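A short write-up of the structure that comes next.
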Amino acid sequence: MIIDTHAHCYWDNLEAKIDLIVENMQQAQVSHAIQIWCDIETSLKAIDLARRFPGIFYATVGYHPETAQDMKFNLQEVERFEKLILDHRDVIVALWETGLDYHYLNLGNEWIQKKNQEEWWLMQWELAQKYNLPLVIHTRDARDATLDFIVEHDIYRAVIHCYSEDPGFAQKLMDFSSEIYFAFGWILTYKKSELVQETAKILPLDRILLETDAPFLSPQVVRGTVNEPAHTRYIFDRLCEIRSENPGEIEDTIYKNSLRFYGIE
């Protein structure tokens with residue numbers, strides 16, 4: 001069994017065929033899919049999926065940095081955010097999607113947008129500690145700033161979503177904390193992703209997770225199709241080509257990693 005640790009099955013092009021999505025997961029032996037949300041509205045959809053398919057889907061809560069960058073920090077929104085955790089703690093397994101994304105910063109407004117991203121990230125880390133939840137971290141065009149923020153604020157329990165950096169970035173995080181994991185998705189399967197593949201090859205196996213980021217970009221072998229949790233199997237197959245361990249050991253270890261990280265029994 002394997003677990004898709006990052007998907008958005010509430011997206012229209014997946015939610016409309018959700019029963020088929022679950023059937024495909026079962027055929028591919030993908031036992032769970034963690035539903036990641038980007039704001040309050042999508043969180044409700046993710047939680048609804050977790051309620052409709054108990055033991056298959058779980059949910060996260062959080063603000064994507066692209067959303068956070070244009071939101072002035074306010075306590076009322078934090079209270080609304082925290083109430084969701086309290087009301088649905090049984091299906092919420094992490095806080096997401098937090099981190100830093102400098103790709104879409106507005107010219108002339110960068111400083112404020114970066115500050116907003118940092119404030120919302122720090123709030124989510126504080127809530128994660130309060131409710132004993134891990135963080136799922138997004139980083140794009142913000143490598144050094146992400147690393148500095150993690151170390152400065154002692155963010156020791158997290159996963160780097162859709163890993164796209166080199167081995168050096170991963171090593172610095174492993175040196176900092178033994179509770180930081182690395183999730184590999186569609187990027188791992190692309191021919192020009194040599195540094196990502198090298199990272200996946202040399203990382204300790206017990207620090208690796210797998211994900212699809214469905215419905216976005218599919219693995220190479222099914223590129224051009226709508227991505228879905230069942231495609232985690234293709235990412236797993238590519239990882240097995242890269243690693244030296246036998247496929248059974250890889251599958252068993254990564255499955256246990258996923259359960260442990262998200263606290264799923």
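Since the structure is predicted, the reported quantities are computational estimates derived from the model, not experimental observations.
- Of all heavy-atom pairs spanning D19 and F53, the tightest one is OD1-CZ, 3.6 Å.
- A salt bridge is defined here as a Lys NZ or Arg NE, NH1 or NH2 lying under 4.0 Å from an Asp or Glu carboxylate O, and E251 with R233 meets this definition.
- Between W125 and Y156, the gap from one ring centroid to the other is short of 6.0 Å.
- When all heavy atoms are compared, the tightest approach of L133 to L95 is CD1-CD1, 3.3 Å.
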| request: Check the pair F73, N116 against side-chain contact (heavy atoms from CB on, under 4.5 Å), reporting the backbone distance first and the verdict last. | output: CA-CA 7 Å; F73 189 81; N116 286 343; 5.7 Å; no
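- Annotation: cation-pi geometry satisfied between R223 and Y190 (NZ/CZ under 6.0 angstrom from ring centroid, within 45° of ring axis).
- The two residues A170 and L203 have their closest heavy-atom pair at CB-CD2, 4.0 Å.
- Aromatic pair H8/F216: centroids less than 6.0 angstrom apart.
- Here Y63 contributes atom OH and M71 contributes atom CE; the two are 4.0 Å apart, rounded to the nearest 0.5 Å.
- Atoms CG and CD1, on D237 and I2 in that order, are 7.5 Å from each other to the nearest 0.5 Å.
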| task | Begin from the C-alpha positions of V22 and Q27 and carry the test side-chain contact (heavy atoms from CB on, under 4.5 Å) through to its verdict. | result | CA-CA 9 Å; V22 173; Q27 291 180 354; over 6 Å; no
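- A donor atom on one side chain and an acceptor atom on the other are not found under 3.5 Å apart for D101 and Q117.
- A donor atom on one side chain and an acceptor atom on the other are found under 3.5 Å apart for Q113 and D70.
- Residue pairs meeting the salt bridge (charged side-chain N to carboxylate O under 4.0 Å, His left out) criterion with at least one member in residues 126-152, sequence neighbours excluded, are E82-K130, R143-E165, R143-D166.
- Taking each heavy atom of P167 and T199 in turn, the nearest pair found is N-OG1, 3.1 Å.
- Closest approach of F57 to L49, counting heavy atoms only: CD1-O, 3.7 Å.
- Note that CD1 of I254 is 7.5 Å distant from SG of C240, once rounded to the nearest 0.5 Å.
- T253 and D206 share no donor-acceptor pair across their side chains, judged by distance under 3.5 Å alone.
- The heavy-atom pair separating L210 from L239 by the smallest distance is CD2-CD2, 4.1 Å.
- In summary, the side chains of Q124 and T98 do present a donor paired with an acceptor at a separation below 3.5 Å, with no hydrogens or angles considered.
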| request: Please assess F169 against Y163 for the test side-chain contact (heavy atoms from CB on, under 4.5 Å), listing each intermediate value before the final yes or no. | output: CA-CA 10 Å; F169 182 80; Y163 194 83; 3.5 Å; yes
| task | Tell me, with the steps shown, if F176 and V151 meet side-chain contact (heavy atoms from CB on, under 4.5 Å). | result | CA-CA 7 Å; F176 168 70; V151 173; 4.0 Å; yes
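- A salt bridge is defined here as a Lys NZ or Arg NE, NH1 or NH2 lying under 4.0 Å from an Asp or Glu carboxylate O, and E118 with K115 fails to meet this definition.
- M25 contributes atom CE, which lies 7.0 Å from atom OG of S31 (distance to the nearest 0.5 angstrom).
- The closest side-chain donor-acceptor pair between Q220 and Y234, if any, does not fall under 3.5 angstrom.
- Ion pairing between a basic and an acidic side chain is recognised when a charged N comes within 4.0 Å of a carboxylate O; E15 and R52 show such pairing.
- In this structure, the side chains of Y181 and I208 stay at 4.5 Å or more apart for every pair of heavy atoms.
- Taken from NE2 in H161 to CZ in F184, the straight-line distance is 13.0 Å, to the nearest 0.5 Å.
- At least one side-chain heavy atom of C162 sits less than 4.5 Å from a side-chain heavy atom of I187.
- When the side chains of ILVMFWY residues are joined at heavy-atom separations under 4.5 Å, either directly or via intervening members, L122 and F81 end up in a single hydrophobic cluster.
- For D12, the CG atom is loosely surrounded, since the number of other residues' heavy atoms within 6.0 Å does not exceed 12.
- Counting only N and O atoms by type, the side chains of D175 and Q171 include a donor and acceptor under 3.5 Å apart.
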